[in-house]
Amino acid sequence: MSKRLDYNQIAPAGVKALGGVYGYITQSSLSATLVDLIYLRISQINNCAYCLDMHTRDLLKKGQKIEKIALVQAWAEAGNLFDDRERAALAWAETVTRVAETGVPDAAYEAARAVFDERELVDLTIATGLMNVYNRMAISFRNTPQAALEN
């Protein structure tokens with residue numbers, strides 16, 4: 001698979017705008033590890049190799065154990081490996097990512113609101129939307145994962 005085009009070069013203002021949203025999320029009250037966990041889960045759902053590679057590396061750099069990273073895809077069955085906020089964030093990110101299928105039901109909203117305040121939930125939803133955009137860019141234009149470049 002070869003890269004189709006370099007959107008960073010072609011539309012730098014658009015990429016910079018996305019970077020502004022990314023910067024907003026990094027300044028939010030959501031923990032960086034929590035955000036990386038949802039970024040990884042969203043990238044799993046979307047099957048984005050580039051982002052899977054990047055967020056796995058980010059979580060490892062932040063000290064997350066490989067066992068936890070390996071079980072992000074099965075977080076609901078992973079017992080107490082994920083805390084309440086992580087479980088709620090992963091559930092919310094999944095239902096929002098699959099919005100065409102789920103319609104983001106009231107029960108999902110109520111479960112997320114039981115753990116996150118209004119601002120946190122909005123920020124979590126912005127982060128989810130952003131990662132979905134990044135996944136679509138990387139997949140559409142065939143960004144090569146770092147792991148593939150190292151071989």
Side-chain angles (χ1 to χ4, degrees), residues 6-8 11-147:
D6 184 350
Y7 52 82
N8 294 297
V15 173
K16 183 177 180 183
L18 291 174
V21 177
Y22 180 83
Y24 170 81
I25 294 302
T26 64
Q27 299 300 312
S28 76
S29 65
L30 299 172
S31 79
T33 300
L34 178 77
V35 171
D36 278 332
L37 286 170
I38 68 149
Y39 284 171
L40 180 63
R41 182 63 190 121
I42 293 162
S43 298
Q44 289 171 338
I45 293 167
N46 291 325
N47 203 32
C48 181
Y50 180 82
C51 294
L52 284 166
D53 181 69
M54 178 178 15
H55 298 298
T56 298
R57 290 170 188 269
D58 289 346
L59 285 161
L60 287 168
K61 286 177 194 167
K62 288 180 174 124
Q64 284 299 302
K65 293 183 179 184
I66 192 68
E67 295 84 1
K68 186 170 185 173
I69 295 168
L71 291 175
V72 167
Q73 187 168 351
W75 64 266
E77 290 81 36
N80 64 357
L81 189 59
F82 295 91
D83 67 28
D84 289 343
R85 283 178 65 84
E86 291 168 339
R87 295 172 69 80
L90 290 161
W92 184 253
E94 284 183 6
T95 196
V96 171
T97 295
R98 295 179 169 136
V99 65
E101 299 164 28
T102 69
V104 189
D106 290 342
Y109 171 77
E110 291 161 11
R113 278 291 287 130
V115 177
F116 295 105
D117 68 28
E118 290 178 344
R119 179 66 175 264
E120 290 173 324
L121 188 57
V122 170
D123 289 348
L124 188 61
T125 307
I126 291 169
T128 299
L130 178 65
M131 186 47 48
N132 276 285
V133 170
Y134 277 138
N135 286 172
R136 281 148 180 78
M137 296 296 285
I139 293 166
S140 298
F141 299 116
R142 305 291 192 252
N143 282 11
T144 305
Q146 184 177 336

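When reading the values below, keep in mind they use all heavy atoms of this one structure, side chains included, and skip hydrogens, waters and symmetry mates.
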> What do the steps show when you test Val72 against Phe82 for side-chain contact (heavy atoms from CB on, under 4.5 Å), and what is the final call?
Replying inline: CA-CA 9 Å; Val72 167; Phe82 295 91; 4.0 Å; yes

> Where do Tyr39 and Ile25 land on the side-chain contact (heavy atoms from CB on, under 4.5 Å) test, with the steps shown first?
Replying inline: CA-CA 12 Å; Tyr39 284 171; Ile25 294 302; 3.7 Å; yes

> What's the verdict on side-chain contact (heavy atoms from CB on, under 4.5 Å) for Met54 and Arg57, showing C-alpha distance, side-chain angles and the deciding distance?
Replying inline: CA-CA 5 Å; Met54 178 178 15; Arg57 290 170 188 269; 5.9 Å; no

> Where do Trp92 and Val104 land on the side-chain contact (heavy atoms from CB on, under 4.5 Å) test, with the steps shown first?
Replying inline: CA-CA 8 Å; Trp92 184 253; Val104 189; 3.5 Å; yes

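Residues satisfying the salt bridge (Lys or Arg N to Asp or Glu O under 4.0 Å) criterion with Lys62, sequence neighbours excluded, are Asp36.
Scanning all heavy atoms of the two residues, the minimum distance from Arg87 to Gly79 falls at NH1-O, 3.3 Å. Residues Glu67 and Leu81 come closest through the heavy atom pair O-CD2, 4.1 Å. Thr95 and Ala108 make their closest contact through CG2-CB, 3.9 Å (heavy atoms, listed as atom of the first residue, atom of the second, distance). Smallest separation of non-hydrogen atoms from Lys68 and Leu37: CE-CD1, 4.4 Å. The nearest pair of heavy atoms linking Ala88 to Phe116 is CB-CE1, 3.7 Å. Taking each heavy atom of Ala89 and Leu124 in turn, the nearest pair found is CA-CD2, 3.8 Å.
For the atom pair CD (Glu94) and CD1 (Ile42), the distance works out to 9.5 Å, reported to the nearest 0.5 Å. A distance of 12.0 Å separates CG of Leu90 from CZ of Arg85, quoted to the nearest 0.5 Å. Taking OG of Ser29 as the start and CG of Asp117 as the end, the distance is 6.0 Å to the nearest 0.5 Å. Distance CD/Gln64 to OG1/Thr33: 5.0 Å, rounded to 0.5 Å. Between the CG atom of Asn8 and the CG atom of Leu18 there is a distance of 10.0 Å, given to the nearest 0.5 Å.
With hydrogens and angles ignored, the 3.5 Å screen pairs a side-chain donor or acceptor of Glu86 with a backbone N or O of Asp83.
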Listed pairs under 3.5 Å, donor-acceptor, residues 129-140 side chains, sequence neighbours left out:
{"residue": "Asn132", "atom": "OD1", "partner": "Asn46", "partner atom": "ND2", "Å": "2.8"}
{"residue": "Asn132", "atom": "OD1", "partner": "Arg136", "partner atom": "NH1", "Å": "3.0"}
{"residue": "Asn132", "atom": "ND2", "partner": "Thr97", "partner atom": "OG1", "Å": "3.1"}
{"residue": "Asn132", "atom": "ND2", "partner": "Thr128", "partner atom": "O", "Å": "2.8"}
{"residue": "Asn135", "atom": "OD1", "partner": "Asn46", "partner atom": "ND2", "Å": "2.8"}
{"residue": "Asn135", "atom": "ND2", "partner": "Ser43", "partner atom": "OG", "Å": "3.1"}
{"residue": "Asn135", "atom": "ND2", "partner": "Met131", "partner atom": "O", "Å": "3.4"}
{"residue": "Arg136", "atom": "NH1", "partner": "Asn132", "partner atom": "O", "Å": "3.1"}
{"residue": "Ser140", "atom": "OG", "partner": "Arg136", "partner atom": "O", "Å": "2.6"}

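A 4.5 Å side-chain heavy-atom check between Arg113 and Glu110 finds every atom pair outside the cut-off.
The local environment of CG in Asn80 is sparse, with at most 12 non-hydrogen atoms from other residues, nucleotides or ligands closer than 6.0 Å. Within 6.0 Å of atom OH in Tyr22, 12 or fewer heavy atoms from other residues, nucleotides or ligands are found, so the atom counts as exposed in its surroundings.
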